[in-house]
Undergrad: 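The structure's right below; bear with me while I get my questions together.
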Number of protein chains: 2
Amino acid sequence: MISHTEENYLKVLYNLTSLKGEATVNDISKQLDIKMPTVNSMMKRLAEKGLVVYESYKPLKLTDEGRKLAALIIRKHRLTEMYLVEKMGFGWEQVHSIAEQIEHIQAPEFFEKMDELLGFPKVDPHGSPIPDANGNIASDNYVKLSDCKVGDTVTFMAVQPSSEDLLKFLTSRDLSLGLELKIKQLEPFDGSMTISYGKKENEMLSSKVCDNLLVSKKSKKK
Amino acid sequence: MISHTEENYLKVLYNLTSLKGEATVNDISKQLDIKMPTVNSMMKRLAEKGLVVYESYKPLKLTDEGRKLAALIIRKHRLTEMYLVEKMGFGWEQVHSIAEQIEHIQAPEFFEKMDELLGFPKVDPHGSPIPDANGNIASDNYVKLSDCKVGDTVTFMAVQPSSEDLLKFLTSRDLSLGLELKIKQLEPFDGSMTISYGKKENEMLSSKVCDNLLVSKKSKKK
DNA sequence: TTATTTTGTTAGTATCGTCTAACTTATTAC
DNA sequence: GTAATAAGTTAGACGATACTAACAAAATAA
């Protein structure tokens, strides 16, 4: 059996390794706000359990089993977020901390029921893909809005990472997933973009915001 | 702050003391399947925190604060059970273990939302009253079916205690809350009762079953 | 390339929540 | 009313999850 705490380490490691395939003790330490020696000994424990590849002074990796387990926790997290938004009426900026707790509930039937009631959704309210019941996750081919160029018309597909403040900001600008964004202008000095979407014309977005918005180049159906 | 574990002790103590106002270390130990010395030291801790009245070799009591806290946990438990049955389609025999976990979630807005979506229910799916947001709980004046006499017509109001097996049995006999039960016969030898309700005529219920069914004498609206 | 800084590791400590063994107090049975 | 039993308590241990202090290795800068 795997503890609540261990689950949190696995999940963070999953997220950190999803980019380069590995992560450092320091990364995890900062992410969880837990001191390095604690992380270090936990990594040894998870290695003992066959979930993590640990070698002294080397970056950490997940084993296949560890990755699958982590994906299943993330599945529970994202299904919960979707449920909270779609069925309970929460805003997309309110659901993260509740889902952080519910993701540890041990009751497969509970999450299966959510999945069913939601009609087997593929993404969470922030556009992140929901792993399937085997821990497999669909890879998107989205790009950062900040990597697009003037004249592009793209579809807003996901917010990543999605902090509460950013989500509130997006809501205040009526920026929601699925919208077509037309890039009107790019300010070379600070990287800010001027875009049009929905009923909004020439809204200015800072480069920091644009970095966190994922879009698809070919207007996709949602 | 109060831990998940401490919450469980409080809740059990609340239930045990609801009858006589006090409970013993041994009661709690059996209820939680945790050894007496462990319970003993936990009781001292909860006493330190002002939630329990502890005196050596004396029965335990809750302080007002402890009782309120416990009631609020029970509120979360019962709201959750009601939500699982009413909004997610679970059977009344499936919800206890899921609610046992969800009751520890720290997110007031989550439970407020449930309450709202359910239309501020007064009882859980087994007929037990849901404490209000201040920890106050309505006292019912139900009696055990086993204390009624032949000829009585009563309304089935609650199952208490409600084990999974009992709930499954009741479901298999189409016995659900709100039904009018007519007591046809009482077997003096073993205390079993023959009752009629809904479309069922002369169903036999063992005294053990009758002990766990609470009814109101005056046919109440639900 | 050496010195400095950052990262990782080891060792030792603390708290929480559990246990067993041994002892004390209270209750029950005769 | 004493002996036997049950309940409660104390003491000591252990695993999980955190910490700090001190040291070692790796990465970076001079």
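Each chain gets a letter, A, B and so on, in the order the sequences are listed, and its residues count up from 1. Note that this is a predicted model, so its numbers are computed, not measured.
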Undergrad: Just by distance, do the side chain of B:Asp124 and the backbone of B:His126 share a donor-acceptor pair under 3.5 Å?
TA: yes

Undergrad: Could you state the CD-C1' distance from B:Glu6 to C:dT18, rounded to the nearest angstrom?
TA: 14 Å

Undergrad: Give, for atom OG of B:Ser128 and atom CD of B:Glu81, the distance between the pair rounded to the nearest 0.5 Å.
TA: 8.0 Å

Undergrad: Using 30° and 60° as the class limits, which term best fits the ring planes of B:His4 and B:His104: parallel, tilted or perpendicular?
TA: parallel

Undergrad: Salt bridge check: are B:Lys168 and B:Glu164 linked by an N-O gap of less than 4.0 Å?
TA: yes

Undergrad: Does anything in residues 24-39 of chain A reach DNA chain D, meaning a heavy atom under 4.0 Å, and if so which residues?
TA: A:Ile34, A:Lys35, A:Pro37, A:Thr38

Undergrad: Within the 3.5 Å criterion, strictly below it, is a donor on A:Thr24 or A:Asn26 matched to an acceptor on the partner's side chain?
TA: no

Undergrad: Can a side chain N or O of B:Ser41 be found less than 4.0 Å away from OP1 or OP2 on D:dT10?
TA: no

Undergrad: Just how far, in rounded Å, is C1' of C:dT18 from CE of B:Met42?
TA: 10 Å

Undergrad: Starting from P on C:dG17, measure out to CD on B:Glu7 and report it in whole angstrom.
TA: 11 Å

Undergrad: Are A:Phe111 and A:Ile102 close enough that some pair of their side-chain heavy atoms sits under 4.5 Å apart?
TA: yes

Undergrad: Calculate the interatomic distance between B:Met43 atom CE and D:dT10 atom P; express it in whole Å.
TA: 15 Å

Undergrad: With no hydrogens and no angle check, is any side-chain donor or acceptor of B:Thr17 less than 3.5 Å from a backbone partner on B:Leu13?
TA: yes

Undergrad: For B:Lys44 and A:Tyr9, take the nucleotide of DNA chain D holding the closest heavy atom to each; which residue's nucleotide lies nearer the 5' end?
TA: B:Lys44

Undergrad: So if I take residues 46-58 of chain A and measure heavy-atom distances to DNA chain D, which residues fall below 4.0 Å?
TA: A:Tyr57

Undergrad: Show me the pairs that pass ring-ring contact (aromatic ring centres under 6.0 Å, His included) and involve residues 52-80 of chain A, at least two apart or across chains.
TA: A:His77-A:His96

